[in-house]
Amino acid sequence: NNNNDNDNGDKEYILVFGELVVDESGYACSELDFDKVNGKIVYTNRGVCSFEQKTKSALNAGAIGLIVGNVNEVPEDGNSADRLFVMSAETFLGQFNIPAIIVTKSTASYIQEQVKNSIPSFIDISIAIH
């Protein structure tokens, strides 16, 4: 669902609510299982391939959203796994029509634990469009 700008000039938001599934490959760098992903929000880990590839894989499998867990420590570029940053997709800017967000390592661990324990997980994603 999209909320449009109002007369006050507020930003437009994309709102998504759906069942959460974890990408079995761990990194969403290749084709995802359409039957498991279609109509759902996919969780995957950061690393191995670009954010663009992860988003493309999710979109091609029918996902309605993507959550990337920042599980990798990269000290040389100042990245802590519990620090958030903007995922870039400059090559494919404007080509994806699903929301994609990054979460901290602690949030990623929580998501993985919920799914591991077979706790049905539904999630809302709200993203401001610039």
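Quick caveat: nothing in here was measured; it's all calculated off a predicted structure.
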Is there a donor-acceptor contact under 3.5 Å linking the side chains of Ser57 and Gln53?
yes
Minimum heavy-atom distance between [X] and [Y], given as atom pair plus value:
X     : Y     : result
Ile98 : Ala58 : CD1-CB, 4.1 Å
Cys29 : Gly47 : SG-O, 4.1 Å
Asp23 : Ala28 : OD2-N, 2.6 Å

Using side-chain heavy atoms (C-beta onward) and a distance below 4.5 Å, is [X] in contact with [Y]?
X     : Y      : result
Val42 : Lys54  : no
Leu20 : Ile67  : yes
Asn70 : Thr104 : no

Ignoring hydrogens and geometry, is there a side-chain-to-backbone donor-acceptor pair from Lys40 to Val22 under 3.5 Å?
no
Any chance you could measure [X], atom [atom1], to [Y], atom [atom2], to the nearest 0.5 Å?
X      : Y      : atom1 : atom2 : value
Lys105 : Gln112 : NZ    : CD    : 10.0 Å
Asn60  : Ser30  : CG    : OG    : 11.5 Å
Tyr27  : Thr44  : OH    : OG1   : 8.0 Å
Ile64  : Phe17  : CD1   : CZ    : 9.0 Å

Check whether [X] and [Y] end up in the same hydrophobic cluster, where Ile, Leu, Val, Met, Phe, Trp and Tyr are linked by side-chain heavy atoms less than 4.5 Å apart.
X      : Y      : result
Val71  : Ile101 : yes
Ile102 : Val21  : yes
Tyr43  : Val16  : yes

